[in-house]
Amino acid sequence: MKWVYVEDIASFKDQEVEIRGWLYNKRSSGKIRFLLVRDGTGLIQGTLFDPEANKSLFDKFDELTQESSLLVRGTVREDKRAPGGYELSISDIEILQIAEEYPITPKEHGISFLMEHRHLWLRSQKQNAVLQIRVEVIRAIRDFFDGRRFRLMDTPILTPSACEGTTTLFETEYFDQKAYLSQSGQLYNEATAMAFGKVYCFGPTFRAEKSKTRKHLIEFWMVEPEVAFATLEDIIDLSQDLILFILERVLERNKNDLDVLERDTLPLETIQKPFPRVTYEDLLPKLQEKGSKIEWGMDLSAPEESILPEIFDSPVCITHFPAAIKAFYMQPDEKRPDTVLGVDVMASEGYGELIGGGQRIHDPKLLEQRIKEHNLPREDYKWYLDLRRYGSVPHSGFGLGVERVLSWICKIQHIRETIPFPRLLYKIYP
RNA sequence: UCCUCGGUAGCUCAAUCGGCAGAGCGGGUGGCUGUUAACCACUAGGUUGUAGGUUCGAGUCCUACCCGAGGAGCCA
């Protein structure tokens, strides 16, 4: 008998198939039995009738516990009463293992209990839906850049220096010296961009910040494109195209998952290019009007992020931040040298920063001066300064946080559910 | 790191003024021919986070500690 996956079940209507999976739930009503089987790609209901004729099947059904592993064989039938529209008239059940009493019942649980059982929680429907969307978001990102002929150039995870020196890094041994886990591939991206024109890196990044918020992970995935000869304008355009590409893909391919999450997709469907655009300076009075205490020179923080959806009902590009609150390598604006050619793309619905990026300093003297101003060890940046000595060109790039995008698209409360095994402040189990 | 709230059955929670520790789910047993987190009946299940203290008596009050959550700060 043919082994098939639940996600393909519609193409096997009226045929005998075998499903291999786990018991999600079961119900019985006198002489009729229902069982819900999950196989990782979906849920399907199986039915059993006539206990006299099918005694051994009924006995097996009665024995089954939640999450027992089993093979179910039967005929696929279309039935509106079944969840998903198709069900299996069971002809045979083969039990692989009767599961011990499963800790995650179909009723509600507290978050610390669920996090403690993350390895099992992944089997639940909503967690499955979020992570199915994650699969598609990552695929969309790769398709987007590969389709535009960006070269995937992976950057190292073990790095020799504190790169930006500002944030806390995870330190580790590297034979007889120290190494740090990467918090961004950007500086290396700038090198590969000078070698390959347009590049991107896509991998995990690590930040040892003691942040305890619903928007931060200690370990998260970031995609970072870098384009030689590109200006701030080019990169703003690219970032909008990327976000729209991801949105269209998920809306097209993950309808069921978004349904499971009860996500109202209208606010996502109506997003169009170009996104509203505002400079930091022009945004300040709008924020202050809504009660923010922000002053020129301060970074946007939690209160400001929550005010944004009152002003914009779309993602928004904020540009020209004060140089003092941004990274050392950011290109100053010619007309306003106290501001930089940087952009933050903020999500709609209050989900905060999706993208941060901008134009990089290409003038060797200015870059050297900035490194000095930021008290960074010049030794560590020798190779980086080389990029400005041998054919320096204007160039730009950005970083997009995968989990931030997922929180927003799935409209979930906490970023910890957007990655299979979240690493959180002081929490590394399981 | 700071502020706030919490820790009682496997899970989610209740317990009035300090006075018999209880319900739903899950487990077990029985019933029900289209269930949708099914339903109905019965049943087993407890070192109330830890250590001290006050009291005739502490889940409840006090002290310290441990753990967790929400928020703030931190944060390309």
Side-chain angles (χ1 to χ4, degrees), chain A residues 24-36 43-52 54 58 62-63 65-67 77 79-85 87 89 98-117 120-121 124-126 163-169 182-187 189 205-218 220 222 224 299-303 305-306 321 323 325-330 340 342-345 352-360 374 397-401 404 413-414 416 424-427 429:
Chain A
Y24 196 70
N25 201 358
K26 65 175 185 178
R27 292 179 277 273
S28 68
S29 172
K31 299 193 171 60
I32 180 165
R33 299 280 191 277
F34 300 94
L35 50 76
L36 269 175
L43 270 178
I44 190 163
Q45 172 168 280
T47 55
L48 275 177
F49 296 92
D50 199 352
E52 258 105 85
N54 295 305
F58 272 67
D62 290 340
E63 205 190 328
T65 56
Q66 194 187 347
E67 287 301 318
R77 286 191 299 103
D79 193 314
K80 282 196 186 115
R81 292 169 295 187
E87 65 180 18
S89 288
I98 295 296
E100 290 177 35
E101 197 178 321
Y102 190 66
I104 304 177
T105 66
K107 288 278 173 173
E108 72 252 30
H109 299 278
I111 190 63
S112 72
F113 177 79
L114 290 170
M115 287 299 293
E116 197 76 6
H117 295 85
L120 303 177
W121 191 23
S124 302
Q125 244 190 316
K126 284 196 178 179
C163 273
E164 286 170 38
T166 50
T167 38
T168 326
L169 293 155
S182 167
Q183 57 172 350
S184 164
Q186 190 207 305
L187 302 190
N189 262 348
T205 49
F206 309 87
R207 306 220 174 155
E209 292 152 11
K210 300 206 168 163
S211 13
K212 187 174 153 48
T213 83
R214 56 177 71 176
K215 285 175 181 162
H216 290 85
L217 288 167
I218 301 299
F220 66 98
M222 187 156 71
E224 295 172 275
D299 211 347
L300 269 62
S301 63
E305 286 189 8
S306 63
F321 287 87
I325 56 171
K326 288 290 176 185
F328 74 91
Y329 48 70
M330 286 223 164
V340 289
V343 58
D344 278 6
V345 183
E353 188 183 340
L354 301 174
I355 281 177
Q359 198 169 321
R360 328 298 191 187
H374 281 78
F398 62 80
L400 170 138
R404 289 274 179 89
Q413 285 302 304
H414 201 297
R416 65 189 160 211
L424 298 162
L425 184 59
Y426 304 128
K427 283 207 68 143
Y429 177 92

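Throughout, a chain's letter reflects where its sequence line sits, starting with A, and its residues are numbered from 1. This structure is a prediction, so every number in the text was calculated from the model and none was measured.
Between the P atoms of B/A51 and B/U29, the separation comes to 37 Å (whole Å). Using atom C1' as the reference point in both B/U8 and B/U60, the two lie 11 Å apart (nearest Å). Here, B/C20 and B/G59 have their P atoms 10 Å apart, quoted to the whole Å. Nucleotides B/C62 and B/G73 are separated by 32 Å at their C1' atoms, to the nearest Å. Rounded to whole Å, the P atom of B/A15 lies 15 Å from the corresponding atom of B/A23. Comparing the P positions of B/G45 and B/C40 gives a spacing of 23 Å, expressed to the nearest Å. Taking the P atom of each, B/C5 and B/A64 are spaced 15 Å apart, rounded to whole Å. On the P atoms, B/G26 is 15 Å away from B/C11, given to the nearest whole Å.
Dashed line: the shortest gap from a side-chain N or O of A/Tyr426 to OP1 or OP2 of B/U1 is under 4.0 Å. Contact between the side-chain N/O atoms of A/Arg77 and the OP1/OP2 oxygens of B/G34 is not found at any separation under 4.0 Å. Phosphate proximity of B/U35 to A/Thr47: absent, as no side-chain N or O sits under 4.0 Å from OP1 or OP2.
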Every protein N/O within reach of nucleotides 41-48 of chain B N/O, cut-off under 3.5 Å:
none

Can you check nucleotides 29-32 of chain B for protein contacts, nitrogen or oxygen pairs under 3.5 Å, and list what you find?
{"residue": "B/C32", "atom": "N1", "partner": "A/Gly30", "partner atom": "N", "Å": "3.4"}
{"residue": "B/C32", "atom": "N3", "partner": "A/Gly30", "partner atom": "N", "Å": "3.0"}
{"residue": "B/C32", "atom": "N4", "partner": "A/Ser28", "partner atom": "OG", "Å": "3.3"}

For nucleotides 2-13 of chain B, give me every protein contact, N/O to N/O, under 3.5 Å, one pair per line with atom names.
{"residue": "B/C11", "atom": "O2'", "partner": "A/Glu108", "partner atom": "O", "Å": "3.4"}
{"residue": "B/C11", "atom": "O2'", "partner": "A/His109", "partner atom": "ND1", "Å": "2.5"}
{"residue": "B/U12", "atom": "OP1", "partner": "A/Gly110", "partner atom": "N", "Å": "3.0"}
{"residue": "B/U12", "atom": "O4'", "partner": "A/Glu108", "partner atom": "O", "Å": "3.4"}
{"residue": "B/U12", "atom": "O2'", "partner": "A/Glu108", "partner atom": "OE2", "Å": "3.3"}

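For the ring-ring contact (aromatic ring centres under 6.0 Å, His included) test, residues two or more places apart in sequence or in another chain that qualify with A/Phe321 are A/Tyr280. Partners of A/Ser112 according to the side chain to side chain contact (heavy atoms under 4.5 Å, CB included) rule, which considers only residues two or more places apart in sequence or in another chain, do not exist here. Scanning for side chain to side chain contact (heavy atoms under 4.5 Å, CB included) contacts around A/Lys31 gives A/Pro51, with sequence neighbours left out. A search for side-chain hydrogen bond (donor to acceptor under 3.5 Å, both in side chains) contacts involving A/Ser28 returns nothing, not counting sequence neighbours. A/Phe49 meets the side chain to side chain contact (heavy atoms under 4.5 Å, CB included) test with A/Ile32, A/Thr47; sequence neighbours excluded. Here A/Glu224 pairs with A/Ser184 under the side-chain hydrogen bond (donor to acceptor under 3.5 Å, both in side chains) rule; sequence neighbours left out. Evaluation of the ring-ring contact (aromatic ring centres under 6.0 Å, His included) rule for A/His216 yields no partner, not counting sequence neighbours. By the side chain to side chain contact (heavy atoms under 4.5 Å, CB included) test, A/Ile98 pairs with A/Glu63, A/Leu64, A/Thr65, A/Ser68, A/Ile95, sequence neighbours left out.
Among the nucleotides B/U35, B/U33, B/G73, the one closest to the side chain of A/Ile32 is B/U33. Comparing B/C74, B/A37, B/G68 against the side chain of A/Lys427 picks out B/G68 as the nearest.
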- Any chance you could encode RNA chain B as dot-bracket? Rule is Watson-Crick or G-U wobble with both distances under 3.5 Å; [ ] for pairs crossing earlier ones, | for another strand. (((((((..((((.....[..)))).(((((.......))))).....(((((..]....))))))))))))....
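Base contact: A/Gln45 has a heavy atom under 4.0 Å from a base atom. Base contact: A/Asp79 has a heavy atom under 4.0 Å from a base atom. Note on A/His414: only backbone sugar-phosphate atoms sit closer than 4.0 angstrom, heavy atoms only; bases stay farther off.
Because its glycosidic torsion is more than 90° from 0, B/C32 is reported here as anti.
Between A/His109 and A/Phe113, the angle of the ring planes stays under 30°, which puts this pair in the parallel group of the 30/60° scheme.
For B/G34, its base sits under 3.5 Å from the side chain of A/Glu87 at one donor and acceptor pair at least.
Judged by distance alone, the side chain of A/Thr213 and the main-chain N or O of A/Lys215 form a donor-acceptor pair under 3.5 Å.
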